[in-house]
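The structure appears right after this line, and notes come after that.
No experiment lies behind these values; they were computed from the predicted model shown. Residue numbers start from 1 in every chain, and the chains themselves are labelled A, B, ... in the order their sequence lines are given, proteins ahead of strands.
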Amino acid sequence: MEREQNWSPVQGGAWLLRRALLGVATLLMISVVVFLGTQALPGDPAIAILGRDAAPDRVELLRQQLGLNVPVIQQYFNWLSGILHGDFGRSLASRRAVSGLLATRGLNSLLLVGLSAAICIPVSLALGGWSAMRRDKPADLSVWVLTTVLTALPEFIVGMVLVILFATTVTRLLPAVSMIPEGESPFYYASAFILPALTLVLATLPYLTRLFRGSMIEVLQADYVEMARLKGVMERRVVLRHAVPNALIPTVQGSALVLTYMAGGIVVVEYLFRFPGLGSALTDAIANRDLPVIQAIAVIQAALYVVVNLLADYLTIRLTPRLRTSHG
Amino acid sequence: MAVGTAMVALVIGVAVLGPMLAPHTPTQFVQRPYALPSAKALLGTDGLGRDVLSRVLNGGFSVLWMSLAATAIGAALGTTIGLVAGYSRSIIDDVLMWLTDVVLAFPQVVLVLLFVSMLGPQLWLIVLVVSISHAPRVARMVRGVTIEIVNQPFIEAAETIGVPTRDILLRELLPNLVTPLMVEIGLRMTWSIGIVAGISFLGFGIQPPASDWGLMISENRDGLILQPFGVLAPLAMIAVFTIGTNLLAEAISRSASNIGDVSPNT
Amino acid sequence: MNDFRDRREYMRELISRRRLLVMGAAAGVGLAVQPNIAALAQTPKKGGRLRIGMSQGGPTDTLDAHRVTNQADFARAFNLYDLLAWPNAETFELEMRLAESAEPNKAGDEWTVRLRKGVTFHNGKSLGADDLMFTVRRMMDPQSKLSAAAMIAYVDAKGMTKLDDRTVRFKLPKPNAEFLSGFATTTSSIVPADFDPANPVGTGPFKYKSFTPGDRSLFVANTSFWGGGPFVDELEIIDIADETARVNALLGGQVDAIASIPYTRIATVEGDASFKLLRSETGGWRPFTMRTDAPPFDNPKVREAMRLVVDREQMVEQALLGEGRVGNDLYNPFDPDFAKDLPQRKQDIERAKALLKEAGHDTLDIELVTAPVNAGVVEASQVLVEQAKAAGINIKLRKLDPSSFFGPDYLKYTFAVDNWSPTNSYLVQVAQADGPGAVYNETHFNDPEFNDLFSKAQQEVDAAKRKELIQKMQKIQYERGGYIIWGFANQIDAYSSKLAGFRPDRNGLPLTSFEFERVFFT
Amino acid sequence: MNVVEVDRLNVEVSRTRARVARDVCFEIEAGKILALVGESGSGKTTVAMALLGHTRRGATITGGTVRLAGADILSLDRDSLRAMRGRDVSYIPQNPGIALNPSQRVGRQVAEVLETHGIGLPEKRRERVAAALQDVALPSDDAFLNRYPHELSGGQQQRLMIAMAFIAKPRAIVLDEPTTGLDILTQAHVLSTIRDMCRRHKVCALYITHDLAVVAEIADSVMVMLKGEIVEVGDKDQVLHRPAHRYTRSLLAAAPDITAFKASKGSARAEPLADKAKLAVLSGKNLSKSFGRLQVLHGLNFELRSGEVLALVGQSGSGKTTLGRSLMGLSGGCSGEIRFKGDLLPAALFDRSNDQRRTLQYIYQNPHASMNPRRTIAENVSSPFQHFFGMSRRDAHRRSVDLLAELSLPKSIADAFPREISGGECQRASIARALACSPDVIICDEITSALDVSVQASIIKLLQDLSRERGLALLFITHNIALVASIADSVAVMQGGTIVDYGPTARVLGEPRHPYTIELIEKTPSVSLSRR
């Protein structure tokens, strides 16, 4: 995992608004990049749908239906306005509406990432905090060893090992393949989430654990923590009331990073478990050269990045009185 | 520090000298596929009956040069962007950071996958895309540290005597970035290895019959239970290298904080 | 990402299909065999949901009987619908299913098909001549450009006459000895006259309940199935294109049977009493293709040198993990007319070197285009690279993913791989692969003597004489053809030991050609 | 009666076993304030912390006893020690800005002391907090209690710490340089609050400081510490006016004193200003500057002649540093006329020629930060030689080594990195770097405020010599009016972006006219004044 981004505290509310506008600008830029990038690909979508030997008149008709006969800029705006109305076009492979195709998969992925984050963040905080408070002691060292080893293992290895341990060779407690029928509530298939989520958690845990450990160590050395101790405050309270709230602040940005990392991590993890989500949809779409699906997923992931970061900024401001109430 | 250096040196040694030490060529068929370790093949054979040991000894160079190249290019690019953005204190900073945001919005794996699927599994392309995906991350770190340093009076002192901008960037700022940059490069390096190996794993990287650690893991994963060394041996090399670079990066940042240098908050 | 497809099916979407083949007149083959459920070793038990982990499959999945393209599609179509005939799993000879009989006239240009009596569709309607005629028209509709049309291109949709409720007479533009072979394909299921793919009604052993492309389908038992069975109550076919995931799903008990287990996992499953392997020897072949009209392979000596470079035993051993049989550069080993007497070609590096020298090459640098179009193909390519080194031939691999491989450059590669499912007739195979006008003539083989023999064989009614001609053709292929057919791969599937009813199958399709009506829980 | 009794206290750094406190003994009576004086690194904070039974990470108490109201603190178990802290002995830190939890409201932080020790009924605590705040003259309304630390000024933060320290009515208080970093006026206020609170609540206090003038202001008795040892203890008057130890005497000699100008009154130092005929090296006319809508400089005028030292005195926020930076052309410069030897200087730095840049040099408050940490001292000093005089790297290096030697820096310093040398040495090196430019004017921005008293004195001496020997004009920016007396020829007092008082030092300090100047002088603590 990577390090915390540098956080430059600027005035709270106005700054947040500026970030939100920037986020929109970023999204627009991303949509341009995605659109032009996929435009640059060789091949004609109409021919891709109808096949190489399709009658020219039918190709022409489809080109008209797909809006391919207007200038590229016009196409871009049509596409963009489609997205804004929730219409991502039609899949070249399955000829279904992309939005419908990705709706349940998006929900599955969202649940997967949400579940992973819901496990990863508290566990990281507990491990990191525990480790920080026992700095340089055996407990700290063992956490260090664990996180270092986990960092060194690519997530596909972690996933493979989990499958062997829990789904096939050693025990058969959990499903090795995440089979969630489309249209059925993923909540009935909770077991299908466990191994993919665990893989994502193990992939991101080291980063967040270390981040929070570092943050806690820094805070535990802060003057106000020493001051609290010198006031006679109980150690438990020193940690929970004085250290943790301040140590959490960089962790918010770190968690955002973890979330956006998971958004990429699902590509490998979903592939590994055949989990019906956006990640496996992306690998499928790439194999099928299914442009509208690729475009849609790229835009959705970018949007997620923007939203998560915005949320993190908002939370950071909420958690940092200096940013929240700066008026002097 | 010593342990980290030793681990990294070991893996680089294997990658560079390995081909000379290998008992077989990496593509020679030694035994039946997935034979367990024996005198003929010390680590057993892979899914095609080739000697795992020889393939491991031969398979490091590609991972290493690709990761190194990607990291180096990414770090150079990112450092340039970060320095200019951090030092400019103007709209250039905003624009550059915004552009990095656009790149950051694509998860690294997705970015590489998109490009490779469009343009085919060219090694230079993978190196380039990985480095491009590193650049904004390095740039943000460099920018942050640069802003911290720029606010220190010694930069202003140089400005007041009229040192040209280029010299301020290269001679005043850059030396102070060395430590955090080393740490960052260490981290980026482990990322590069992960991505390069991952891309090979997904089948877009080094192509068979070449030996490559990532590819080996992918090729032999079906035989993991039959003949675990086909996966474990290359995995161990990657893991040792990753842990080694991590340890080195950590040692560097620790020594930096000991001497009161500007140190990134790892 | 090993989403390889049956190459022919894939090609149907990509390449213009003209007529497939027109056969000379021939007598009707013995076609009287019927599927025999009673031959089962065990008394079947009823009930349960059969869950199948299918290979291939993806967002392009369809239930349209005539648009199916991948194995998951085939599995669904074979169980919703039925065919006029299909090759017997063991004998590999055509066996009647919905057809009761198919008789040609003397000239072989008029065929009378009589449908089985008492077969009903899922909606209760009985199968009749109108349905057959509708099916043929639908398959051949020029508007929908179906791949199925090519397989029965020898049929004239306007030349059908309804003789009675169960009988249709086909007037063919040209004589054809193997009328039914075009109907014994994955894309020629018989549908009712009012067929609507959105509500897929057929005569198959299972009835439609639900379906999500790229994910799964759920069918229920058709209690009025004509052929005996099915025994299970429900059939769930789940797409798990990734082979590792598929095996894991079986091992983890998430599915009861899977199609195509990778060779590398065979040992894992074999060692476990909870699972069984279904090992079918097939005529499926995964050749290297050399373009006979482009250097360096335009010189037959170079082609022969290449064939001599291959150590076939080693290739079967290393690339297929021994799961196959050595090939002799000829296809259709199960054909009664197969040239068994030709000596088995063996590796002979010295001779290969000498041939290369004669052809003016001291060394040879060539590129082999490979793709994971089926299990063992990329592996075999790697083995070839290694084996060729000994003869001073330096092969560089260019690995593509299957969809790129079957892209616009397909059939243009100088040196490449391919994947062929077996056909049950040598001449049909020639017409597709290296005969005159063959659509997939990847080797660009165009030998006047061979072509001449081919047209003679097509017209030859006498089986013995035809055999002679065919063996001559095979000798030509053996001596100067463009294929390196180094082996035939086994089709290996795996299933839970709780299941019974599967049997080895020569058709090259997984899971006994998806014959799930025979399968039951023990 | 002694509330605090410390006997043969020894503290070591755990890793190196170096002693940071050696056999320290002292006692404090109820209601009395004992000042502990020493320079940085003398171990005074370590001793103070021991009163709370606390050591910083990496240090251990290896011997001695600390008694507080009879209880042996060092032998207490963790819980009793914790129960005692904040209730019987409390602590006021040097920098309240970082000692207050940034994410907790200030009211809660004060109330926490009561909650922790279970003092008073929960519903009465709010009242008690309010009373405590009133005690230190802070507002006690809800709005104030609900503020976060960053919303308070430095003085308010420190008074809040005082309120927090006194709220549990402790027997003893430890104050660690509580007024460092505060303005003189704020310092005066805080000092009087502390003095008043100690007397009123009969609390004994250990007051740690490096500033003898503050000692004179607040303490009853004084204890001087050097390298971990107490070198002198005694009654305030005795120690300040009849010091027994050499070190105490040197400290006293080095301490700047606002009354010192009287000694130099009528000397040559006051003369140049009268010499109107002499052309000003640097002059400013109607200088104004705004940051956005906020105007920080309001039409300032001044003149600086060669060899003159002009002191710019003011509290933080008075605009003195802004003026200095504007003269350098930094942050875009300012409006109005800046003339150098009669020629107009462009306002912004990048519009100035190399020669114009050379003649004006700036020295920063924090010597370490103004040196590139990645280059040796000689490299840092040599860059002007290379840049302005086109010297080769080798020549520049030789000249820097010479220059450093001229400023009486040891030879070894040339090849050392900034972090390896002391603040005083580093500040000398920055002076050397400025001198390397052969400037006519040097602007010194609070250049001694980060240094110990004795080092400060030596730097001041050096500047005086340079000014006299080289005819350098100095603009000496400081918040410490006491320092002005010993160095400046003339003084400009700044308040709110304007110069409110400007004239020869003797006149401004001796006969202050502006009420602000008068207040400033009155509130500045002084060792010699305490004699009266």
Side-chain angles (χ1 to χ4, degrees), chain B residues 79 82-84 86-93 141-142 144-185 252-265, chain D residues 321 324-325 327-332 348-377 379-389 393 417-420 426 429-430 433-434 436-439 442-443 445-447 450:
Chain B
T79 307
L83 267 180
V84 171
Y87 184 68
S88 73
R89 288 169 280 195
S90 67
I91 185 86
I92 298 174
D93 181 19
M141 185 283 296
V142 169
V145 180
T146 301
I147 286 176
E148 224 169 279
I149 297 171
V150 162
N151 286 332
Q152 295 200 27
F154 74 89
I155 295 296
E156 202 173 85
E159 287 170 340
T160 53
I161 66 170
V163 175
T165 307
R166 192 176 54 95
D167 283 2
I168 290 186
L169 290 180
L170 296 182
R171 299 181 57 190
E172 302 287 340
L173 273 171
L174 199 56
N176 286 291
L177 282 166
V178 168
T179 305
L181 209 53
M182 296 271 281
V183 176
E184 181 73 16
I185 286 175
I252 290 169
S253 85
R254 195 168 295 178
S255 70
S257 61
N258 278 350
I259 59 176
D261 227 343
V262 184
S263 80
N265 33 354
Chain D
T321 293
R325 293 173 58 82
L327 291 173
M328 288 301 293
L330 292 165
S331 356
L349 180 67
F350 57 84
D351 292 331
R352 294 186 186 174
S353 71
N354 249 0
D355 209 43
Q356 287 169 331
R357 288 177 177 187
R358 186 182 58 73
T359 52
L360 239 66
Q361 287 303 314
Y362 199 85
I363 302 175
Y364 295 86
Q365 172 175 9
N366 182 343
H368 283 113
S370 65
M371 289 276 166
N372 189 333
R374 283 285 167 173
R375 311 176 86 182
T376 63
I377 296 299
E379 280 170 357
N380 268 292
V381 173
S382 67
S383 84
F385 285 129
Q386 289 175 269
H387 182 70
F388 285 128
F389 305 108
R393 184 177 286 235
F417 284 96
R419 63 169 178 272
E420 295 166 341
C426 199
S430 343
R433 181 173 58 184
C437 303
S438 308
I442 299 182
I443 299 172
D445 188 359
E446 301 266 19
I447 65 169

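- Residue Asn372(D) touches chain B through both its backbone and its side chain, counting heavy-atom pairs closer than 4.5 Å.
- The candidate with the highest count of non-hydrogen atom pairs below 4.5 Å against chain D, out of Asn151(B), Ile155(B), Ile161(B), is Ile161(B).
- Take Glu420(D) and apply the side chain to side chain contact (heavy atoms under 4.5 Å, CB included) test, not counting sequence neighbours, and it matches Ala416(D), Phe417(D).
- Enclosure of atom CZ in Phe350(D) is not indicated, since only 12 or fewer non-hydrogen atoms of other residues, nucleotides or ligands lie within 6.0 angstrom.
- A salt bridge does not link Arg374(D) with Glu172(B): none of the charged nitrogens is closer than 4.0 Å to a carboxylate oxygen.
- Contacts of Gln365(D) with chain B are absent, with no heavy-atom separation under 4.5 Å from either backbone or side chain.
- Nearest heavy atom pair, residue Arg171(B) against residue Arg375(D), reads NH2-NH2, 3.4 Å.
- Applying the side chain to side chain contact (heavy atoms under 4.5 Å, CB included) rule to Pro164(B) yields the partners Asp167(B), His387(D); only residues at least two apart in sequence or on another chain are considered.
- In this structure, chain B has a heavy atom under 4.5 Å from the side chain of Leu330(D), while its backbone stays farther away.
- Heavy-atom distances place the side chain of Arg433(D), and not its backbone, under 4.5 Å from chain B.
- The shortest distance between side-chain heavy atoms of Pro153(B) and Asn366(D) does not fall below 4.5 Å.
- For Met328(D), the part lying under 4.5 angstrom from a heavy atom of chain B is the side chain only.
- Looking only at atom types and distance, the side chain of Tyr364(D) has a donor-acceptor partner in the side chain of Glu156(B) under 3.5 Å away.
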